[in-house]
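Single-structure report; data block below.
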Amino acid sequence: MKTTETLEFDHLIIGSGLAGLSSALHLADSGRRVAVVTKRAMDDCNTRYAQGGIACVTDIEDSFDEHVQDTLNAGGRLCDEKAVRTIVEAGPAAVRELIDLGTRFTKRGELGYTQDGDRYDLGREGGHLKRRILHAGDITGAEIERALIAACRERSNIEVFEYHIAIDLIVSRRLEMPGENRCFGAYVLDQRAGVIKTFLAASVTIACGGVGKVYLYTSNPDVACGSGVAMGYRAGAKIANMEFIQFHPTILYHPQERSFLISEALRGEGAVLKCRGKDGKLYEFMQKYHPLKSLAPRDVVARAIDNEMKRSGQECVYLDITHLDEAALRRRFPNIFEKCLEAGVNMAKEPIPVVPAAHFLCGGIKTDVRGWTGIPGLYAVGESGCTGLHGANRLASNSLLEALVVGKAAAADIDEKFETLRKLRLAPSAAPAWASGNATDSDELVVIAHNWDEIRRFMWDYVGIFRTNKRLERAKARIKMIRKEIEKYYWDFLVTADLVELRNIATVAELIIDSSLSRHESRGLHYNADYPYRDPELDYTDTIIQREF
Ligand code: SIN
């Protein structure tokens, strides 16, 4: 398969969630030409599925210091405190811009509160000692995405390429050019036309979201295959803290519905986790694990649930919010209420069966707080990036905040450096065409399906909530073999979107395994039964992996 055309833009954004579109809109303010490449429809991204909301200090009862402290406490002493403060303090202005763009957050009056009815309602989630989460009912991400897409559509200098999947970045190191590594663009597969296009730009921003699909059970949509991290790694960027995979404690437990999130905001409104005892009755258990009980930070809650399920032999635990009546639940959680009803559970009358599932990557491509990777022209924002905000365990609803603030900051950084970046651009005539394999169609699609399933299953079994050195070593042996097979297969045959995604999840799986193996302690989300949790103050460092050329 060969490149069919070369397209030149000033800026290329890969991904169309909050981080990518926030960057695109700010870059477009300069009047320069921005391309947004996204592998499905524009709104098919992790942002759309965010339920809880966006953590931001907006109440006079709250303060930046308290939000910073809650973030650090959740993060297992691995957060970058300076980055945390910068992002937290930039929150209110960035959220105001989101509201000005047309995002409608829920006001207290809409929930039936007569007092302060005109003020925004503030939710609470695990690890937050204050109510500080702005939300749009229980479909916050979808509402934000709606407003951003509408704003992008109005900008004539933003061109959106849907059903275009990025294959690889074009960097000088891979072209064997001398000097410092720098980024020139990306090879992109136009899935509908079945051709590969070369995109060249002065800046490239990876905003590809998370890696949930690396695991068998996840709250993430199908698009979350870790393509940003995998491409960043192959391009020579530093990859940090991949062992910190956050498992959301409460995904609806239902045979046909394995990824529907039951927002932590329910626990913010008083829902309590319970486990079924031998006598068939439901018992609270979180008091054994943390003083904040059901509202403890996510790493603690997910591990506690895992432990209770194993101890009791039950396949799920339960979330009980029956203290609220149906009318109140329908107002505050309309989407979750309906979905549970469809699954046969009336949450006003009975507890909701839930299990943990892979939810969020706290590591990613190492960047500064402006999303810069250290490679001229290459940025990573949102879940693909690792600014140091989340440390070893993300505080709930800090991710939309980071996506919004860092997306904007990256655009500012690119603006400042634009003249220099423009001079470093690669001329179209110097960009080698993409060429892979022998351009014959493969009749062995079963290889893709098999490897895909195998990776996701052993990642769940061996590199999940509960890890041991033996399990990690087992996973390492498997992934080495599969990666070798994929690399051979990948170069032998025609490139398809499935193959690109398989290659990416395999790369990300290996990064997660290698990072986990190199952390000789339990910390935050990384629990390895062979190493105890230690005093969290002791020699805390990031895990960094960088490809050698
Ligand atoms: C949730 O609503 O529980 C998810 C929020 C988050 O992951 O921050």
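Start at 1 and go down the list; that is how both ligands and their atoms are numbered. This one's a predicted model, so the numbers in the text were calculated from it and none came from an experiment.
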Return the orientation label for the Tyr217 and Trp460 ring planes: parallel under 30°, perpendicular over 60°, tilted otherwise. perpendicular
Do Ser63 and Glu66 have side-chain atoms, one donor and one acceptor, less than 3.5 Å apart? yes
Quick check on the 6.0 Å ring-centre criterion: do Tyr318 and Tyr253 meet it? no
Would you please write out the protein residues whose heavy atoms approach any atom of ligand 1 to under 4.0 angstrom, listed by chain and number? Gln51, Gly52, Glu125, His248, Leu261, Ser263, Glu264, Arg298, His359, Arg394, Ala396, Ser397
Aromatic ring pairing Phe285/Tyr289, orientation class (parallel under 30°, perpendicular over 60°, tilted between): perpendicular
Less than 6.0 angstrom from the centroid, inside 45 degrees of the normal: does Lys274 satisfy that with respect to the ring of Tyr283? no
Salt-bridge present (Lys288, Glu308; N to O < 4.0 Å): yes
